[in-house]
Every structure is written in C-alpha cells, then in structure tokens.
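Below are the structure tokens for one structure; questions will follow.
Since the model is a prediction, treat every value here as computed from it, not as a measurement.
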Amino acid sequence: MNLDLWKKKGTYFSFEKHRIFFIDEGAGEPLLLIHGFPTSSWDWSSLFPLLKKHYRLITLDMLGFGFSDKPQKHSYSIAEQATLIESLLRHLKLSSVHIMAHDYGDTVTQELIARQLDQQLPFQLQSVCFLNGGFFQKCTNRF
C-alpha cells in the first residue's frame, strides 16, 4: 500500500490543540499498534490486511511523527505520548485494548503499563507484544 492510500484510510482527532492522525478499522477485539522512532503508523501497513481479519486495528502517528502535527517549540516526552494514546482510546470509547508496540512505542507502552499498575488508566490493557525495544526492569517485574 502506498502512503497516499494509507493517509486516505485515516482521520484526525484533536489532542491539546494538535491534529493527530489515526486509523481505526476492522472488527473484533481492539489491537493498538504503536510505531517506533523515527517512523510512523505506516510501518504497520503491510501487516494490516492479515491482522484486520482478526482484530479491530487502531494505529496513530504520535505527536511529531507522520501525518500528525509537529510543533517546533515543544518539549516532547514519553509521558505526553502515553497521555496522547489515553486520549485517543477515550475518544474511541474503548474500555480495553491489546497493544503491539515497536521500538519507541515499547517505551510509551511501558508508561501505560505503569499507569495501569497504579490504577490510573481509563481502560484495561489486555495484552502487550513488544518488538525491538528496551525495557525498564521495574515495569517488567510488575506486569
């Protein structure tokens, strides 16, 4: 799938006055795909046809990536990206989700796990698959 077709699959929602690109398609249990650094949701395009047969697929371009806004004078953080994902899942009215994360997305997912362990998430993480990333021992021992 080319990039133009990928963009046409998506839409935008607002997060702290920024436009955030996301795709939500398919049926079944929701599976959130979180991209790595320095890429975008398009990384998942070749997996979409296979995974869409089994899951409702949700992916986004995090703030500063892909088709989402890239504010120039902004202090980007892992915590903010996790809050962005919380906002997207709240926007979609999801109460639970599975996550497949890659690279930078692994670190963002670990922040979501920590929030879940502290009972601070508005949704339940059902399962997590980490691809090619580093881990913080504190999170992996508690999950």
Side-chain angles (χ1 to χ4, degrees), residues 1 3 6-143:
M1 173 178 311
L3 194 54
W6 185 253
K7 186 175 184 179
K8 287 178 185 176
K9 288 172 145 315
T11 189
Y12 292 85
F13 84 104
S14 180
F15 171 73
E16 297 179 3
K17 300 182 182 178
H18 300 294
R19 284 175 30 106
I20 304 297
F21 176 83
F22 75 98
I23 297 174
D24 177 10
E25 68 177 36
E29 291 189 63
L31 173 61
L32 175 65
L33 304 168
I34 305 176
H35 67 81
F37 178 86
T39 59
S40 69
S41 63
W42 192 48
D43 282 356
W44 304 108
S45 64
S46 62
L47 291 175
F48 247 66
L50 174 64
L51 292 173
K52 195 168 83 168
K53 293 177 185 177
H54 307 283
Y55 297 97
R56 174 182 173 184
L57 297 178
I58 302 149
T59 191
L60 75 157
D61 290 343
M62 289 184 277
L63 186 64
F65 297 87
F67 297 121
S68 290
D69 283 351
K70 298 164 191 66
Q72 295 296 310
K73 294 182 180 184
H74 188 81
S75 181
Y76 292 91
S77 72
I78 297 298
E80 180 185 43
Q81 300 290 18
T83 301
L84 163 62
I85 288 170
E86 282 189 46
S87 182
L88 173 61
L89 297 182
R90 195 176 303 111
H91 171 78
L92 296 174
K93 297 179 170 73
L94 291 174
S95 60
S96 67
V97 67
H98 299 274
I99 295 180
M100 183 181 296
H102 176 248
D103 186 55
Y104 179 73
D106 289 359
T107 307
V108 173
T109 300
Q110 287 176 77
E111 174 62 24
L112 292 170
I113 291 169
R115 292 178 186 188
Q116 177 169 293
L117 292 170
D118 290 339
Q119 300 178 353
Q120 295 177 353
L121 279 185
F123 53 87
Q124 179 71 34
L125 298 177
Q126 295 298 314
S127 67
V128 173
C129 176
F130 293 109
L131 304 171
N132 190 41
F135 297 98
F136 295 106
Q137 192 66 29
K138 180 178 179 186
C139 290
T140 57
N141 281 341
R142 294 174 58 194
F143 187 58

Checking the side chain of Asp69 only, and the main-chain atoms of Arg19 only, is there a donor and an acceptor separated by less than 3.5 Å?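 The answer is yes, because a donor-acceptor pair under 3.5 Å joins these two groups.
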Go through the steps to decide whether Leu84 and Leu60 satisfy the test side-chain contact (heavy atoms from CB on, under 4.5 Å), and finish with yes or no. CA-CA 10 Å; Leu84 163 62; Leu60 75 157; 4.0 Å; yes
Who passes salt bridge (charged side-chain N to carboxylate O under 4.0 Å, His left out) against Glu25, sequence neighbours left out? Lys9, Lys52
Tell me if a side-chain donor or acceptor on Ser68 pairs with a main-chain N or O of Phe21 at a distance below 3.5 Å. yes
Quick one: does Phe123's side chain get under 4.5 Å of Leu32's, heavy atoms only?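 No; the side chains remain at least 4.5 Å from each other.
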Please tabulate, one pair per line, all N/O donor-acceptor pairs under 3.5 Å involving side-chain atoms of residues 90-98, not counting sequence neighbours.
| unit_1 | atom_1 | unit_2 | atom_2 | d |
| --- | --- | --- | --- | --- |
| His98 | ND1 | Ser127 | OG | 2.5 |
| His98 | NE2 | Glu29 | OE1 | 2.6 |

Output, in order, the C-alpha distance, side-chain angles, deciding distance and verdict of side-chain contact (heavy atoms from CB on, under 4.5 Å) for Trp44 and Leu31. CA-CA 12 Å; Trp44 304 108; Leu31 173 61; over 6 Å; no
CD1 of Ile23 to CG of Leu33: how many Å apart, nearest 0.5 Å? 9.5 Å
Answer yes or no: does atom CZ of Phe48 have more than 12 heavy-atom neighbours from other residues, nucleotides or ligands under 6.0 Å? yes
Check whether any side-chain N or O of Tyr76 sits under 3.5 Å from a backbone N or O of Pro71 as a donor-acceptor pair, and report yes or no.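 It does hold such a pair.
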Of all heavy-atom pairs between Asp43 and Gly36, which one has the smallest distance, and what is that distance?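 In this case the closest contact between Asp43 and Gly36 is OD2-N, 4.5 Å.
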For the backbone of Asn132 and the side chain of His102, can you confirm whether one donor and one acceptor N or O come within less than 3.5 Å of each other?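 Judged by distance alone, no pair lies under 3.5 Å.
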Between Glu111 and Ala82, what is the shortest heavy-atom contact and its length? CG-CB, 3.5 Å
Atom of Trp6, atom of Met1 and distance for their closest heavy-atom approach: CE3-SD, 3.5 Å
Smallest separation among heavy atoms of Ser77 and Glu80, with atom names: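 Shortest heavy-atom separation between Ser77 and Glu80 comes out as OG-N, 3.0 Å.
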Flag yes if more than 12 heavy atoms outside Phe37 fall under 6.0 Å of its CZ atom; otherwise flag no. no
If you apply the rule side-chain contact (heavy atoms from CB on, under 4.5 Å), what do you find for Phe130 with Ile99, and how did you get there? CA-CA 8 Å; Phe130 293 109; Ile99 295 180; over 6 Å; no
At their closest point, which heavy atom of Ile58 faces which heavy atom of Pro30, and how far apart are they?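 Here Ile58 and Pro30 meet closest at CD1-CB, 3.9 Å.
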Polar side-chain atom of Gln81 near backbone of Leu63 as donor-acceptor pair, under 3.5 Å: yes
Give a yes or no answer on whether the side chain of Ser87 reaches the backbone of Thr83 with a donor-acceptor pair at less than 3.5 Å.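 Not confirmed, Ser87 side chain does not pair with Thr83 backbone.
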Verify side-chain contact (heavy atoms from CB on, under 4.5 Å) between Ile34 and Met62, making sure each step is shown before the conclusion. CA-CA 8 Å; Ile34 305 176; Met62 289 184 277; 3.8 Å; yes
Do the side chain of Asp61 and the main chain of Phe67 share a donor and acceptor less than 3.5 angstrom apart?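 Such a contact is found between Asp61 side chain and Phe67 backbone.
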Taking all heavy atoms of Glu86 and all of Pro122, pick out the closest pair and write down the distance.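 Here Glu86 and Pro122 meet closest at OE1-CD, 3.4 Å.
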